[in-house]
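The structure under discussion appears below in the form of structure tokens.
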Amino acid sequence: MVHTSCKPLEVMRHLVGRVALAVYICGLNAGISPRPCIFPFIYADAYHYNCISIHSDFAWCSFDVNFQGRWRYCTAADPPKCTFPFYFKGQEFHSCTKKGYVLDRSWCSLTDDYGKDKKWKQCSPLNT
């Protein structure tokens, strides 16, 4: 007996749409890319000299001086750069950590002693 609410053509359209979106997000415009960020870049009528999180939960950067829709998530190596190792609450870290961040996202220190300097940045979802 075939269930009448399951229509193969609709299921295929749904899957094709999701696959197309994943290819667009991961393959063409964002995600892991060896391409360097351009600094400064112009987005929303302002110059940006480091990675930004405007309209995003994670920091990102542009591939073009005037943002053209081509971008990637920033990594610990993008400005401002993470300092490794760094110390936080007496523990040494050699990569981004989620310790102490209430939103369960990874972060890193911009100096070797976060406890002293309190300078940090959120890491990209690629560094979690």
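The basis for the numbers below is simple: all heavy atoms, side chains too, and nothing from hydrogens, waters or symmetry mates. All residue numbers in this chain count up from 1 along the given sequence. For clarity, every value in this text was computed on a predicted model and none was experimentally measured.
The salt bridge (charged side-chain N to carboxylate O under 4.0 Å, His left out) pairs that include a residue from residues 116-125 number zero, where partners must be two or more places apart or lie in different chains. Identified under the salt bridge (charged side-chain N to carboxylate O under 4.0 Å, His left out) test for residues 48-68, with sequence neighbours left out: D57-R105, D64-R70.
Separation of atoms CZ (F39) and SG (C51) is listed at 4.0 Å; rounding is to 0.5 Å. Between I54 atom CD1 and H48 atom NE2 the span is 4.0 Å, to the nearest 0.5 Å. Note that CG of N66 and CD1 of I38 are 11.5 Å apart. Values are rounded to the nearest 0.5 Å.
The two atoms that bring F63 and P36 nearest to each other are CD2-O, 3.7 Å, heavy atoms only. Here the shortest heavy-atom pairing between S109 and T111 reads OG-O, 2.6 Å. Of all heavy-atom pairs between N50 and P79, the closest is CB-O, 3.4 Å.
No path of Ile, Leu, Val, Met, Phe, Trp and Tyr side chains, each step under 4.5 Å between heavy atoms, connects L110 with Y49, placing them in separate hydrophobic clusters. Under the 4.5 Å side-chain heavy-atom criterion for ILVMFWY residues, a single connected hydrophobic cluster contains both Y114 and Y101.
Ring geometry for Y43 versus F67: interplanar angle over 60°, hence perpendicular rather than tilted (30 to 60°). Ring geometry for W60 versus F41: interplanar angle of 30 to 60°, hence tilted.
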Might you work through the side chain to side chain contact (heavy atoms under 4.5 Å, CB included) test for K89 and K99, ending with a clear yes or no?
CA-CA 10 Å; K89 293 188 175 183; K99 288 200 177 199; over 6 Å; no
Please determine whether side chain to side chain contact (heavy atoms under 4.5 Å, CB included) holds for the pair C82 and W107, giving the CA-CA distance in whole Å, both sets of side-chain angles, and the decisive distance to 0.1 Å.
CA-CA 9 Å; C82 295; W107 66 279; over 6 Å; no
Disulfide bond (SG atoms under 2.5 Å apart) between C96 and C123: does it pass, once the steps are laid out?
CA-CA 7 Å; C96 294; C123 295; 2.0 Å; yes
Verdict with reasoning, W120 to F88, per side chain to side chain contact (heavy atoms under 4.5 Å, CB included)
CA-CA 11 Å; W120 65 281; F88 173 64; over 6 Å; no
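Not less than 6.0 angstrom separates the ring centroid of F84 from the ring centroid of H94. Residues F86 and F93 bring their aromatic ring centres within 6.0 Å.
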